[in-house]
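Here is the structure we will look at, set down as structure tokens.
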Amino acid sequence: MARGVGEITGAAAIGSVGGTALALLIPALVFWALSRRLRRQAALEKASLNPAMAPLASGPAALAGTVEVSDGGAAPVEVVIEEQRDGTDWREVSRTITARPFVLRLASGIAVHVEPGAAPLLLDALDPVEWSREARRQRVAQLSVNEPVFVRGVLRVSGDPRGGDPYRGAEAFVLSAPPHRRLVLSTEALSGALERRADEHFGRCAILLVLLALGLVLYLDVCYAAVAWLVAAAPPPSLQFDVYFWVMLVSGLAIVGAVASSWSERPWYVRRAPRS
């Protein structure tokens, strides 16, 4: 109960300090986990360029290799963009994506069966313009056979860990799109973009943890008093809520800012988007 103007004691004081600490700790751990996952994917992509890479494991993955197809036919992934002149600029009016499964041959010789799905995201330079009419044009980006490519998705490992023959349906490694997301294919390495996004998440984590540590140091006496009150029946902890309110406000703004910046920032791959 309150013993003075703006003063709270007992469970209310513990709840205020503990609640603020948890509110900072939980998103900090989430950002740390996101950063760690992205760094692992970037490291896996780099490792896949090494013929002596470690065994693959199921989970989110970014891999690098060469495109192969069983019939030696058309490009496994092709994006056709139809644009219409809009003043001095061009406006996209339609986009057609054609994709079919292919094999990603790693430097180690392992064959990974890639299932791009109906609408994979291909990050590649667009081919020279193909004019259809004066006010319309068509541009094409495609993933060609024997072309080096970097792919990010979810890897499933089954069967022979040494890798089977994907052309005979005995593949041990299958790379597909994450649930409710698109498979990403790029003709340039993805590890740099993944590491940059990992650094951003880690920075948010660090800011929240610094605020958490600062708050605990400033109100360390409340923490000690809370332990003594709960364990040894000492006087209940107390704090001036009209002062602590500003600690809660700054913490809340930091949390909202970190989450909002992560939610609203451009996709991690935006710097590798198709260019004309």
Side-chain angles (χ1 to χ4, degrees), residues 1-43 45 59-60 62 121 123 152 154 177-182 184 190-231 234-273:
M1 61 181 295
R3 299 188 302 184
V5 177
E7 185 178 18
I8 57 176
T9 63
I14 296 174
S16 297
V17 176
T20 304
L22 284 177
L24 288 167
L25 179 61
I26 291 174
L29 291 177
V30 171
F31 285 126
W32 174 82
L34 291 173
S35 175
R36 183 171 181 269
R37 186 177 70 173
L38 291 174
R39 289 190 187 281
R40 290 180 62 182
Q41 292 181 37
E45 180 190 275
L121 178 61
L123 308 177
R152 182 175 185 240
V154 175
H180 311 298
R181 301 178 68 179
R182 302 164 69 183
V184 179
L190 298 171
S191 56
L194 293 173
E195 289 172 343
R196 285 193 296 270
R197 182 51 50 88
D199 290 340
E200 293 168 0
H201 285 324
F202 186 79
R204 298 182 181 98
C205 170
I207 291 173
L208 296 179
L209 289 180
V210 167
L211 289 175
L212 171 61
L214 183 61
L216 291 178
V217 169
L218 291 176
Y219 288 90
L220 194 59
D221 58 331
V222 177
C223 298
Y224 281 135
V227 174
W229 181 55
L230 295 173
V231 175
S238 64
L239 59 82
Q240 292 298 126
F241 186 76
D242 49 356
V243 176
Y244 191 73
F245 168 79
W246 295 103
V247 175
M248 297 174 64
L249 180 62
V250 171
S251 300
L253 290 176
I255 295 169
V256 171
V259 174
S261 65
S262 175
W263 184 267
S264 61
E265 64 189 353
R266 294 178 301 175
W268 60 271
Y269 51 77
V270 71
R271 296 179 184 177
R272 321 201 86 87

Closest contact, heavy atoms only, [X] versus [Y]:
X: Cys223; Y: Leu216; value: SG-CD2, 4.2 Å
X: Val154; Y: Pro178; value: CG2-CA, 3.6 Å
X: Ala13; Y: Ser238; value: CB-CA, 4.3 Å
X: Arg182; Y: Leu121; value: NH2-CA, 3.8 Å
X: Ser35; Y: Ala198; value: OG-O, 2.9 Å

Once rounded to the nearest 0.5 Å, what's the spacing between atom [atom1] of [X] and atom [atom2] of [Y]?
X: Phe31; Y: Ile26; atom1: CZ; atom2: CD1; answer: 12.5 Å
X: Ser261; Y: His201; atom1: OG; atom2: NE2; answer: 9.0 Å
X: Ser251; Y: Leu211; atom1: OG; atom2: CG; answer: 5.5 Å
X: Leu123; Y: Arg152; atom1: CG; atom2: CZ; answer: 11.5 Å
X: Met248; Y: Ile255; atom1: CE; atom2: CD1; answer: 10.0 Å
X: Trp229; Y: Thr9; atom1: CH2; atom2: OG1; answer: 7.5 Å

Min side-chain heavy-atom separation Leu25-Leu209 under 4.5 Å:
yes
Are side-chain heavy atoms of Ile8 and Tyr244 found at a separation under 4.5 Å?
no
Using atom types as modelled and distance alone, determine if a side-chain donor or acceptor of Ser262 lies under 3.5 Å from a backbone N or O of Ala258.
no
For Glu45 and Leu190, indicate whether the former's side chain and the latter's backbone hold a donor-acceptor pair under 3.5 Å.
yes
Verify the neighbour count for atom CZ of Arg39: are there more than 12 heavy atoms of other residues, nucleotides or ligands below 6.0 Å?
yes
